[in-house]
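The first residue of the sequence shown is numbered 1, and numbering continues consecutively from there. The structure displayed is predicted, hence computed values, not measured ones.
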Amino acid sequence: MHKSKEKYREIIIEKGGEESEDSPNRGTYQFPKGMNKPIHPPIETHFLLPPLPPPQEGEKPSSSTSSSGLRSMLSYPLKVRDSLKRLGKSKSMELILEGTHDPKDEQIVQSFRKLLFLEDQLPAKHNDYHTLLRFLRMRDFDLSKAKEMFLNYLKWRKNYRVDAIQKEFKFIELAEVKKCYPHGFHSVDRSGRPVYIERVGMVDLYALLQVTSLDRFVKNHISEQEKTLNMRFPACSIAAKRHIASTTSIFDVKGVGMSNFSKPARYLFMEIQKIDSNYYPETLNRLFIINAGSGFRMLWKVLKAFLDARTLAKVHVLGSNYLSNLIEVIDPR
């Protein structure tokens with residue numbers, strides 16, 4: 001396998017067509033002569049979108065056309081954190097990062113805050129409006145249930161030493177992992193949310209377990225969730241000039257079926273689903289599952305039983321004709 005060059009380390013989505021799933025040329029991209037086929041070429045390679053007209057004279061280019069800086073922020077969130085520390089927070093930046101508070105939400109967050117404070121269960125680090133609101137929303141604003149969920153979250157963070165992960169955990173095998181588990185962030189959607197992509201159909205679990213362990217993979221997932229909350233969302237908020245607190249995700253499941261749901265796959269699915277649902281609630285805006293064939297649809301009947309109703313409402317399972325749905329949400333430029 002050829003090694004990918006730096007500028008091609010993006011994740012792609014294959015455009016579905018009418019060919020059969022067994023066709024060897026289905027969705028294949030022809031690279032120019034003399035260029036090695038990258039492992040993860042840019043997403044635009046396989047979107048195959050119709051060409052866009054050039055901007056008219058005097059017309060301002062789309063903000064997404066100049067997204068290289070934002071893409072860098074998504075790829076290197078630690079650099080963003082350091083930059084924000086150096087710059088400090090201006091009043092306008094604070095307003096953007098905090099966003100507009102709904103009066104009804106503000107009232108119930110205050111009630112939730114008091115409830116936790118009276119029981120000495122409100123660490124300053126987690127006493128921000130949006131964190132508390134996420135747990136309230138996940139429990140339909142039931143204070144008692146939200147409190148139980150929040151306390152379990154604090155206990156998990158302590159037992160799993162989540163705060164130490166960013167300082168101590170080094171996922172040095174990431175480059176090798178991405179060869180057998182293509183995934184990552186790529187730019188933003190039309191609302192400024194970060195776009196996360198996984199090519200599930202290309203996952204090779206056997207190869208994955210040769211370069212890392214399931215525990216280390218899960219720990220890296222937690223590390224990335226922390227980066228998303230603390231770096232990616234603030235970076236996207238500043239770029240969009242509005243509060244951003246959720247992602248748009250795309251899973252390409254071409255060729256995935258019941259046979260792919262092996263014991264290691266079940267473990268990863270259950271563990272990551274539990275972590276995201278219980279400890280990082282309400283951080284998903286939408287999930288597009290694309291290239292879903294009959295095999296995956298059978299598997300989906302099993303998987304969706306483990307998802308809560310709020311998450312299921314955000315999932316869109318699409319076949320090969322998914323492009324128009326994605327273009328509604330993601331600017332092809």
Side-chain angles (χ1 to χ4, degrees), residues 10-23 26-27 40 43-49 137-138 181-191 193-205 221 224-225 228 246-278 280-332:
E10 303 293 348
I11 306 300
I12 64 172
I13 299 176
E14 291 196 45
K15 177 184 184 294
E18 299 304 320
E19 304 93 327
S20 69
E21 291 191 2
D22 295 328
S23 172
R26 186 171 183 267
H40 309 312
I43 188 171
E44 293 85 353
T45 300
H46 283 258
F47 257 142
L48 300 180
L49 301 172
R137 282 178 174 160
M138 193 64 182
Y181 197 126
H183 68 283
F185 285 90
H186 185 99
S187 197
V188 295
D189 67 12
R190 292 182 183 273
S191 298
R193 298 182 185 91
V195 175
Y196 175 77
I197 303 169
E198 282 193 13
R199 298 195 67 193
V200 185
M202 292 185 67
V203 173
D204 184 339
L205 276 179
H221 177 77
E224 290 300 317
Q225 286 288 57
T228 296
S246 60
T247 61
T248 293
S249 296
I250 305 169
F251 288 2
D252 185 347
V253 296
K254 179 184 175 184
V256 175
M258 292 295 293
S259 62
N260 298 93
F261 205 43
S262 61
K263 185 176 180 180
R266 289 196 298 274
Y267 173 83
L268 279 181
F269 171 79
M270 297 297 293
E271 195 68 14
I272 288 176
Q273 187 276 330
K274 179 183 73 174
I275 289 168
D276 291 352
S277 180
N278 293 340
Y280 300 96
E282 295 294 294
T283 55
L284 173 69
N285 177 57
R286 290 194 223 185
L287 168 59
F288 294 96
I289 298 177
I290 64 170
N291 285 323
S294 57
F296 177 80
R297 291 180 188 277
M298 290 179 62
L299 177 59
W300 179 240
K301 291 179 181 179
V302 177
L303 298 180
K304 68 181 184 179
F306 297 97
L307 304 178
D308 60 90
R310 289 185 67 88
T311 300
L312 275 175
K314 301 173 182 180
V315 180
H316 307 268
V317 180
L318 308 170
S320 60
N321 297 318
Y322 59 81
L323 201 55
S324 60
N325 297 82
L326 293 190
I327 290 177
E328 288 180 9
V329 178
I330 302 171
D331 189 333

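Summarising the geometry of Ala292 relative to Val317, their closest heavy-atom pair is CB-CG1, 3.7 Å, with the distance given to 0.1 Å. Here the closest non-hydrogen pair linking Ser249 and Thr247 is OG-OG1, 3.7 Å. Residues Phe306 and Gln273 share a closest heavy-atom pair of O-NE2, 3.1 Å. Considering every non-hydrogen atom in both Leu299 and Gly257, the closest pair reads CD2-O, 3.6 Å. When every heavy atom of Lys314 is checked against every heavy atom of Leu284, the shortest pair comes out as NZ-O, 2.9 Å.
The side-chain heavy atoms of Val256 and Phe251, taken from C-beta on, include no pair separated by under 4.5 Å. No side-chain heavy atom of Leu268 sits under 4.5 Å from any side-chain heavy atom of His221. Using a 4.5 Å cut-off on side-chain heavy atoms (C-beta onward), Ser320 and Lys254 make no contact. The side-chain heavy atoms of Val315 and Trp300, taken from C-beta on, include a pair separated by under 4.5 Å. Side-chain contact check for Met270 versus Lys274: every heavy-atom pair is 4.5 Å or farther apart.
Residue pairs meeting the salt bridge (charged side-chain N to carboxylate O under 4.0 Å, His left out) criterion with at least one partner in residues 288-313, sequence neighbours excluded, are Asp140-Arg310, Glu282-Arg310.
Separation of atoms CD1 (Ile197) and CG (Asp252) is listed at 9.5 Å; rounding is to 0.5 Å. Atom CG of Asp189 is separated from atom OG of Ser246 by 8.0 Å, given to the nearest 0.5 angstrom. Interatomic distance, OG1 of Thr248 versus CZ of Phe185, reported as 10.5 Å (0.5 Å rounding). The CG atom of Asn291 lies 9.5 Å from the CG atom of Asn321; values are rounded to the nearest 0.5 Å.
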task = Using the side chain to side chain contact (heavy atoms under 4.5 Å, CB included) rule, take Phe261 and Leu303 through it: C-alpha gap first, then chi angles, then the decisive distance, then the call.
result = CA-CA 10 Å; Phe261 205 43; Leu303 298 180; 3.4 Å; yes
request  = Decide side chain to side chain contact (heavy atoms under 4.5 Å, CB included) for Ile289 and Phe296; before the verdict, give the C-alpha distance in whole Å, the side-chain angles of both, and the deciding distance to 0.1 Å.
outcome  = CA-CA 10 Å; Ile289 298 177; Phe296 177 80; 3.6 Å; yes
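Partner of Ile250 under the side chain to side chain contact (heavy atoms under 4.5 Å, CB included) criterion, chosen from Val329, Val195, Leu287: Val195.
By the 30° and 60° cut-offs, the orientation of the rings of Phe288 relative to His316 is parallel.
Between the side chain of Arg190 and the main chain of Ile327, a donor-acceptor pair closer than 3.5 Å is present.
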